J.: 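Supplied in structure tokens, the structure appears directly below.
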Amino acid sequence: MCVPQRWWMCYRGLCSPALPLLFLIPLSFLSSTPLLVQGAIHIPKEYKVPNMSQPPVLIEMPTSYTAFSQEDFNLPCEATGNPIPTFRWVKDGETFGAELKGSGTLRADEEEPLNSYEGSYRCYASNTLGTAMTQTVKVIVESQPVLLKQQKIYKTAYEGNSMILSCNPPESSTLPHIHWMDKKMVHIKQSDRVMVGLDGKLYFSNLIKSDSRDDYICNAQYAAARTILPETAVNLTVMPSNDVHGKKPHLLHPSGSHTPVLSLKGHSVTLECIPKGLPTPKVEWKKMDGSLHETSGELDNYDRWLHFDSISENDDGEYECKAFNSHGFTTHSFTVTVEAAPYWVKEPQSLLYAPGETVRLDCQAEGIPTPTITWSINGQLITEVDDDPRRSVSGGVLWLKDVEFADTAVYQCEASNKHGSILLNTYLHVVELSPQILSSDGMVYRVIEGGEIKLHCESFGSPRPHVTWEGEDTVPLLSDPRISLLTSGTLELSHVSHDDSGAYTCSIKHTNISITAHLEVFNRTVILTSPQHVRALRGTSALLDCHFYKDPQLFNYPIVWRRDGHKLQESSPDDKYTIFENGTLKVTDVQSSDTAPYSCEVMTDLDHVKASGSITVVAPPDPPKALALSDVDHRSLSLSWIPGHSHNSPIIEFIVEAREEQHTEEGKWRWEEWKRVPGDFNHQQLSLHPYCTYRFRVIAVNEIGRSDPSIPSGYHSTPPAVPDSNPSGVRSDSTDPKTLKITWDEMDRRSHNGKRFQYKVSWREAGSKNAHWNHGYIESPPFLVNNTGTYTPFEIKVQAVNSLGEGPAPDPEIGHSGEDNPQEAPTGVESTVMNRTVRVKWKEAQNVRGLLLGYKIYVRRLGSLGERVRRSLGKLHHKEEKEERLDRGKSKEQAKDSRVVVVHGNRTSEEVTGLKLYSRYELFITAFNSKGEGPHSTPHRFNTSEGVPGPPASLTFDSPSENSLILYWTPPVETNGILLGYMVQYQQEVESRDSLLQMQMISDPSVTHIVLDQLDPNSYYNFKVIARTAAGDGPPITQRGATLFDGVPPSNITIVPSNTSLNLTWAPGERHRNHGFRIRYLRKSAGGRWEESEIVNSTQGFYSLTGLQQGTQYHLMIMHGNYTEWEDVTRTRGPVPSEMPAGFATQGWLIGLISAIVLLVLILLILCLIKRSKGGKYAVKDKEDKEVDSEARPMKDEAFGEYRSLESDGDEKRSDSQPSLCGDSKLGSEDSLAEYGDSVDIQFNEDGSFIGQYSGRGPVPHGNESSGPASPVNAVPPPPVAPSMSSILNRPS
């Protein structure tokens, strides 16, 4: 049976020993001991127990006491059990009274005398499962204590003697408590001289006069009898004595020299020594066989008592009290023997057992002397019960093997010795319980991948249930080495993976009882970016990353940051710590105290991860301190200091700064760097100037920056000395002729080395060995010497002098007197021309009268060689030529053709580049020195050679038909020679292969257009035009284009109405020629008639029909021949016109004003009609005719090679085009939008008025001008009015 017992025990190892409500009371005492009994059943609190029987358990038991009246007699006896127990009493070995039900408490019958209740009692509580009994208690019956009549006692004694006042209360089984009081019921004051002994007597160690009184009363208090009895008062008289002298101590109590004391463990014991003597003795205690401090004894009652509140075996031994005063001492010894009544060491537990188990009831007690243990069953001694081979007793152990239901009973264990006995009731209940699964059904277990999980299936029953587990698949679970079944029924899984997710079923074998557990596996939380070891500058912010991944289904994931292991509390965004949603920690305004290791911890409901980093706060070092000066000499000293805190960045160097205060005004004092010292040194030897007063400071430097300067050192002054240096930079700075100006760099006042400092200036003419030195003294430069001649060399030197002497001898320098302008111009000017470069040579200038700094070459372009040819033909004579040159010199263009080339030094040749070809130039040369330029050389002229021309200035085209195209170009801006003609090349674009390049030569340079026929209307062409001179062909101007188709009126028009106008926009055809059309419109109201607009160009893309009535409906139409191309009905904005009120219109002044306005309008209409009748051309046609006329005019001979620019054409157009008088009429502006191109960028105000500007109409650069009005190659179409647009518009539509 041992193996199944152990298995059963392990199976329930973690079960709670608690029972449901019916078993809470009887099993409550079981929880007082944590030991689990082998084989016992511990019913978990989750187990649903039916109404089950239970042996009786005593919950209230009687004790021995003394009864003074019938009300005092009360023996309680209460018990629980199922069925409810019955009670019976046994007195002096015989049954006493009738059987009691419900409650077993025994009370006295008023009709019975009190004496009949004296005796020994025991209570028995019984039900069908057993009998529990109490310990035998004794009831003593006494009458109330009564004080016998006594006479008053008189006591007399002399002062200084001792005295004992006795107290003899009535005897009783309960000892009284003695109180000595006076007649006013006030306690007699006690001290080390006067005190009450354990025996109730009042002891006086020695008497004094104030002890005399007649009301010493002893009061005996009987607590059990609730009675206080006062004795007769004692009259004590203390008589004075003339023979009062000191007395040696003696003990009033106890008597003799030794007292044995027998005590029981746990009881209170008091050892007493009350001495007498004069003066009052003092008492000391000691333990003869040990230390008094190792015992539980405490001194009390003025050290007269040694009290043990709960004496134990450790207090056993020899004790001694010693009473002493100035006249001697006395001692008394006590032998304390501690014995013990029986007490429990091990108590058996009342438990449930399954049939067949082996039960051991262990009952062990101790005492002095050793107690004997007896066993009883249901209140009957085991020796009186029939023998059972399954039952055996060995000392305090009772064994029961193969227990049965009949073994259910209450077993009593009683331990006894001479000091008493103790009894314990223990029941053994053999039960059979149906199996149950205690774990909850449908539990969801969550675990992190790779972790461990336990699926609980706690069961209970008697006999034990057998538990099995099954998964969702048919594979046996226990075949997986990662899965194990614990004895408690729990299924344990280790190294869990996502494949383990699912439902698991736990069932009890041979029953239909089962539960299901669901396992969910989540991804592990991982820190992807751990905190780094960050170095942060003090005062800045530091960021520590803690980027992590957690399973998306885990929603609670607090992030905890710790510094030095202490949790950081997140604050507001403006405060110290901020933790962002991604885990990053921001520490703002870091200081040195923030240097520490930091760790972040991400905690989910299932796991947590942790990573560590650190912040090292670096900052510029603290300033050095404690500057000290030592090893002081005339010109040196040693400076030392103590470095400040480096703030986690080693000090690289120290900067020693000095401030000289003697030679500087106080407001101009400044610190200067003196020395740099390596960071591992803290001292430096410094060299000083004489006659100065210094202060020093030190700055520490690390890789972060500089510290604040240290506190300056004390003042240090050096003695004066002769100058040890002379000024530098000695030179001549002469500006005036015949004057020598000697100057130098002034010496710092700190280098004066003494008082009355000045400079000694010496000079003599250079080149003469016999010349004498001239001297002069001055306090500051410059020093002037007059009448020296122009640019004469001199030897000069400057020496420092003070009151103590002169400085070292200086070395002489060469200087010159003042210069004058060069007197002669360079001669022998020659030139060699190479294309756009000319190389100029000349002879060195003479009589420069100073230091020659170089030459200036003045180059001026006189004009083109062609101009000179025409002038040589007699078209202009010499006077006109001079006037023309003068005018060109004043113009901006001529300023651009002039330049100055500066040649520094003594060189006499230079190349001038960037000249224009086929041009005439003139140059002259001057020499210059520091004083200025000399006279110009004789002008020298040269010509540049002829070159290839530049590209034509513009290239446009027009397409009169679908198969032909006209190219127009303008001559090159730079012809670089005589223009001989043009080469025109064009090539068809073919995707599959290269097409034939076609070429036409034009030998007449005045021809600027060409007609190309037989072109493919379905193809694009690349056109090139190249200008030619005798030097060759120039670069081409290129254009891509195609022929145009016949134009048609627009059919898709958008209308934007305003108050008095309608704005019409449309998209012109990409490859359609311009087509003129009119817009017909009808006012759909009374008196309306069809009207027509002016001719509108189809390439315009926009037209504003003005002069309409507001709030009126109009019918619009565009006709193409007899066919209606487009029509629409729309309405202008604004309110519908209404008639003016009669009263308002009859005002005279208003009628006059309206009449004047009508008359003025009629005059304007007549003028407009007269102008329109002179020729029916619209504005665009007028402009085209003028442009064609301007192109048709032949060139004049004198203008050969000079071409009009597009700008001049534009100016001419603007001068010819005047605003129309009918500009505000319904026909629109005379300046038609057609001249701005076929594509416009249109914007309107809220009222629909036009506010846009025409798109992409800037000046055309030379060589890349756009083509005709509807060229398909342009992203933004060019102006529609080309030079030949009039021929197109004049064709019948």
Side-chain angles (χ1 to χ4, degrees), residues 7 9-16 44-46 435-460 464-509 511-531 545-562 581-583 599-612:
W7 190 96
M9 181 59 210
C10 294
Y11 188 75
R12 301 170 175 81
L14 296 178
C15 297
S16 170
K45 61 181 179 180
E46 296 86 359
Q436 293 181 14
I437 295 179
L438 307 181
S439 299
S440 300
D441 189 13
M443 284 289 294
V444 177
Y445 295 88
R446 307 196 306 167
V447 66
I448 290 295
E449 182 183 13
E452 295 183 355
I453 190 67
K454 292 181 178 179
L455 309 183
H456 298 290
C457 186
E458 184 180 356
S459 62
F460 182 79
R464 63 185 182 279
H466 182 70
V467 171
T468 60
W469 281 90
E470 293 179 355
E472 291 181 339
D473 50 19
T474 58
V475 179
L477 290 177
L478 298 181
S479 63
D480 191 333
R482 300 179 301 110
I483 301 177
S484 58
L485 181 62
L486 305 183
T487 55
S488 61
T490 295
L491 188 68
E492 184 176 51
L493 290 83
S494 59
H495 304 293
V496 179
S497 67
H498 287 283
D499 295 337
D500 296 325
S501 300
Y504 294 81
T505 302
C506 171
S507 57
I508 296 179
K509 200 172 184 179
T511 69
N512 58 354
I513 301 173
S514 65
I515 63 170
T516 300
H518 300 276
L519 179 61
E520 295 179 356
V521 182
F522 297 83
N523 295 323
R524 289 183 300 167
T525 305
V526 179
I527 293 181
L528 303 176
T529 305
S530 300
D545 293 330
C546 187
H547 299 167
F548 60 91
Y549 167 79
K550 56 90 185 168
D551 194 290
Q553 299 182 56
L554 297 176
F555 301 106
N556 185 26
Y557 52 97
I559 304 166
V560 176
W561 278 93
R562 300 181 188 275
E581 191 170 337
N582 64 355
S599 65
C600 77
E601 188 173 3
V602 183
M603 295 178 289
T604 67
D605 297 334
L606 302 179
D607 68 343
H608 73 280
V609 289
K610 183 178 180 182
S612 300

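Everything numeric in this text was worked out from a predicted model, so none of it was measured. Just so you know, these numbers use all the heavy atoms, side chains as well, and skip hydrogens, waters and symmetry mates.
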J.: Going by heavy atoms in the side chains, are His608 and Val560 under 4.5 Å from each other?
T.: no

J.: Considering residues at least two apart in sequence or located in another chain, which fulfil the ring pair (Phe, Tyr, Trp, His ring centres under 6.0 Å) criterion with Tyr549?
T.: none

J.: Indicate the atoms forming the closest heavy-atom contact of Asn523 with Asp551, along with that distance.
T.: N-OD2, 2.8 Å

J.: Any donor and acceptor pair, going by atom type alone, linking the side chain of Ser439 with main-chain N or O of Glu458 inside 3.5 Å?
T.: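 Answer holds: yes.
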
J.: Using every non-hydrogen atom in the two residues, find where Val447 and Leu606 come nearest and quote the distance to one decimal.
T.: N-CD1, 3.8 Å

J.: Would you say that Ile483 contacts Leu491 through its side chain, given a criterion of any heavy-atom pair below 4.5 Å between the two side chains?
T.: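 In contact.
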
J.: How about NE2 on His518, more than 12 heavy atoms from neighbouring residues, nucleotides or ligands closer than 6.0 Å, or not?
T.: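 Result for NE2/His518: enclosed.
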
J.: Rounded to the nearest 0.5 Å, how far does CG of Asp545 lie from OG1 of Thr529?
T.: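 It comes to 6.0 Å.
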
J.: Out of Ser507, Ser440, Ser459, Cys457, which residue meets the side chain to side chain contact (heavy atoms under 4.5 Å, CB included) rule with Ile515?
T.: Cys457

J.: Considering residues at least two apart in sequence or located in another chain, which fulfil the ring pair (Phe, Tyr, Trp, His ring centres under 6.0 Å) criterion with Tyr504?
T.: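 Residues passing ring pair (Phe, Tyr, Trp, His ring centres under 6.0 Å) with Tyr504: none at all.
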
J.: For Gly489 and Trp469, work out which heavy atoms get closest and say how close.
T.: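 Shortest heavy-atom separation between Gly489 and Trp469 comes out as O-NE1, 2.9 Å.
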
J.: If every non-hydrogen atom of Thr604 is compared with every non-hydrogen atom of Lys550, which pair is closest and at what distance?
T.: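 Nearest pair, atom of Thr604 first, then Lys550: CG2-CB, 4.5 Å.
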
J.: Compare every heavy atom of Pro558 with every heavy atom of Asn556, then report the nearest pair and how far apart it is.
T.: OD1-CD, 3.5 Å

J.: Flag the pair Glu452 / Ser494 as yes when at least one side-chain heavy-atom distance between them is below 4.5 Å, and no otherwise.
T.: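 They are in side-chain contact.
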
J.: List the atom of Ile527, the atom of Lys610, and the distance in Å for their closest heavy-atom pair.
T.: CD1-C, 3.8 Å

